[in-house]
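Everything on this sheet refers to the single structure shown next.
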Amino acid sequence: MLPTFLGIGSMRCGTTWLHEILARHPQIRMTDAKEPSFFDRTIIQRGLRWYERLFDPRAGEGPRAIRGEISPGYCTLSRREVEFVHRLLPAARIILVLRNPIERTWSQAVYQLGRLRFRTFDEVPVMRFTRHFDRRRTRQYNDYERMLDTWTPVYGGGAMHVAVYEELGRDPAGYVRAVLRHIGADDSRLPDEEMLANRVRATQSLEMPEVIRWYLAHRYRASIERLNARLDGRLEGWVQSMEGVSCPSMTWRLRRAVDRAWATFAERVPYAAFEQVRRMRRRAGYRAVSRQRAGEGRWSTPPAAVAGCSRP
């Protein structure tokens with residue numbers, strides 16, 4: 001069995017909580033573990049049968065008509081790769097969760113530079129944070145315009161549900177109901193109030209330094225203003241949070257310029273090469289799945305013509 005909906009990201013936007021909420025719904029079959037990342041990473045090592053088995057009924061249960069998974073890496077896929085996903089799951093509903101990029105980036109940095117490396121915040125220099133912010137692997141999870149421009153033309157606006165993380169904080173029940181309606185589930189079947197209230201898994205509770213808030217506001221303000229207009233003002237709070245954030249000193253302006261021009265160069269080149277190799281391997285996996293489906297008579301288009309498999 002294949003999923004009927006996908007949560008495509010973004011990272012550090014409450015998707016683990018959402019997975020747990022949806023997994024408790026009696027009409028929905030979620031994967032037992034969050035983030036199978038089939039279309040992003042796992043397709044390289046595992047085939048389509050492995051992915052289908054993730055949605056098989058549990059022991060003692062019948063099949064469920066609504067099935068899904070959440071893998072934040074999907075928001076970074078290219079247009080050609082999304083076209084392959086659509087070829088395999090043409091009727092899937094898509095969920096994209098957005099979070100203020102200042103808060104999202106800070107959360108990711110604290111998690112990756114602190115918890116994942118078993119350090120406390122005081123042990124990480126501020127410049128180490130800023131260099132982390134400028135990495136492509138960090139910035140791609142804030143490129144919400146690109147995500148919408150990649151997924152919406154392929155699936156259509158009606159298949160896309162854009163959720164805003166801050167709306168979850170104000171009205172978790174309403175937030176969940178909107179997701180349930182979008183994927184075709186009964187929106188009256190909600191978990192208890194305690195689980196709805198337990199929205200965020202804590203990493204380290206840290207106050208963001210003002211210099212970092214300025215650093216991130218300067219980078220993302222223009223794109224967020226455009227996105228706010230696109231989403232009919234739903235992100236006005238983000239725009240306001242970036243207004244009036246001033247630069248602490250001229251020294252920091254110089255540091256920002258140096259970081260972007262030179263400090264991340266050593267990361268950019270090898271990471272670009274790594275991404276290219278991974279993309280090639282991923283598309284080899286796409287071609288293998290395409291051949292399998294064509295061999296079963298489930299696709300009428302020859303494997304070589306499947307979008308996303310023959311061109312970069």
Side-chain angles (χ1 to χ4, degrees), residues 1-25 27-59 61 63-78 80-97 108 111-112 116 137 140-141 147 150-151 154-155 159-161 163 179-180 182-185 201 274-275 277-293 296 298 306 308-309:
M1 305 182 78
L2 287 170
T4 61
F5 72 90
L6 297 174
I8 64 172
S10 182
M11 181 186 292
R12 308 302 294 172
C13 289
T15 53
T16 297
W17 175 86
L18 182 60
H19 173 98
E20 294 174 356
I21 291 288
L22 297 178
R24 292 172 180 250
H25 195 285
Q27 294 177 319
I28 301 172
R29 172 64 161 110
M30 297 295 291
T31 53
D32 292 330
K34 180 176 173 282
E35 298 185 31
S37 300
F38 181 69
F39 299 107
D40 177 30
R41 298 190 305 269
T42 320
I43 197 170
I44 297 171
Q45 296 93 13
R46 300 180 183 271
L48 184 61
R49 289 287 176 264
W50 173 86
Y51 188 56
E52 291 179 310
R53 284 195 295 270
L54 298 179
F55 305 98
D56 285 347
R58 296 185 179 90
E61 297 181 351
R64 298 187 179 182
I66 304 172
R67 303 173 298 277
E69 57 113 335
I70 300 176
S71 296
Y74 293 166
C75 70
T76 68
L77 296 180
S78 70
R80 299 295 181 185
E81 291 166 339
V82 172
E83 288 172 352
F84 170 81
V85 177
H86 182 261
R87 180 100 177 132
L88 188 64
L89 308 174
R93 311 293 278 179
I94 309 300
I95 302 167
L96 173 62
V97 185
Q108 180 183 349
Y111 180 77
Q112 293 182 337
L116 290 185
R137 67 185 73 183
Q140 65 184 345
Y141 286 99
M147 297 172 196
T150 301
W151 284 84
V154 177
Y155 270 93
M160 296 288 298
H161 175 72
V179 171
L180 293 175
H182 182 69
I183 63 178
R201 291 184 181 275
F274 166 77
E275 277 288 279
V277 170
R278 189 167 72 168
R279 194 176 299 278
M280 291 171 61
R281 295 182 64 197
R282 187 158 61 219
R283 291 183 180 178
Y286 291 169
R287 289 192 294 270
V289 170
S290 300
R291 288 192 295 269
Q292 177 184 338
R293 300 284 282 188
E296 295 170 350
R298 300 168 76 178
V306 173
C309 299

Inset, instruction - Establish, from distance only, whether the side-chain atoms of Tyr286 and Glu83 form a donor-acceptor pair under 3.5 Å. - result: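 No, no side-chain donor-acceptor contact under 3.5 Å.
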Legend entry - Polar contact flag, side-chain donor to acceptor under 3.5 angstrom, Arg282-Ser78: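 No, no side-chain donor-acceptor pair sits under 3.5 Å.
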[X] versus [Y]: any side-chain heavy-atom pair under 4.5 Å?
X     : Y      : result
Pro57 : Arg67  : no
Glu81 : Phe39  : no
Phe84 : Val289 : yes
Leu2  : Leu48  : yes

[atom2] on [Y] to [atom1] on [X], rounded to 0.5 Å:
X      : Y      : atom1 : atom2 : result
Ile183 : Leu22  : CD1   : CG    : 5.0 Å
Leu18  : Ile70  : CG    : CD1   : 4.0 Å
Thr76  : Gln140 : OG1   : CD    : 5.0 Å
Ile28  : Ile66  : CD1   : CD1   : 5.5 Å
Cys13  : Ile95  : SG    : CD1   : 13.0 Å
Lys34  : Trp17  : NZ    : CH2   : 13.0 Å

Whether the side chain of [X] engages the backbone of [Y] through a donor-acceptor N/O pair (distance < 3.5 Å, no angle test) should be reported.
X      : Y      : value
Tyr74  : Val82  : no
Arg29  : Arg64  : no
Thr31  : Glu69  : no
His182 : Ile94  : yes
Thr15  : Gly9   : no
His161 : Leu180 : no

Inset, instruction - Kindly indicate, with the supporting measurements, whether the criterion side-chain contact (heavy atoms from CB on, under 4.5 Å) is fulfilled by Met30 and Phe5. - result: CA-CA 10 Å; Met30 297 295 291; Phe5 72 90; 3.4 Å; yes
Closest heavy-atom contact between [X] and [Y]?
X     : Y      : result
Ser10 : Pro72  : C-CB, 4.1 Å
Cys75 : Tyr141 : SG-CD2, 3.7 Å
Leu88 : Arg293 : CD1-NE, 3.7 Å
Pro3  : Gly68  : CB-CA, 4.0 Å

Legend entry - Step-by-step side-chain contact (heavy atoms from CB on, under 4.5 Å) determination, Arg46 to Tyr51: CA-CA 8 Å; Arg46 300 180 183 271; Tyr51 188 56; over 6 Å; no
Inset, instruction - For atom CZ of Arg278, decide whether the heavy atoms of other residues, nucleotides or ligands shown that lie under 6.0 angstrom number more than 12. - result: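 Buried by this count: over 12 neighbours within 6.0 Å.
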Legend entry - Trace of the side-chain contact (heavy atoms from CB on, under 4.5 Å) decision for Leu6 with Val85: CA-CA 10 Å; Leu6 297 174; Val85 177; 3.7 Å; yes
Legend entry - Arg137 and Glu275 ion-paired at < 4.0 Å: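 No.
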Inset, instruction - For Glu35 and Asp40, run side-chain contact (heavy atoms from CB on, under 4.5 Å): C-alpha distance rounded to whole Å, both residues' side-chain angles, the deciding distance at 0.1 Å, then the answer. - result: CA-CA 10 Å; Glu35 298 185 31; Asp40 177 30; over 6 Å; no
Legend entry - Cation-aromatic face contact Arg12/Tyr111, 6.0 Å, 45 degrees: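 So Arg12 does make the cation-pi contact.
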Inset, instruction - Check the pair Glu296, Arg49 against salt bridge (charged side-chain N to carboxylate O under 4.0 Å, His left out), reporting the backbone distance first and the verdict last. - result: CA-CA 13 Å; Glu296 295 170 350; Arg49 289 287 176 264; 2.4 Å; yes
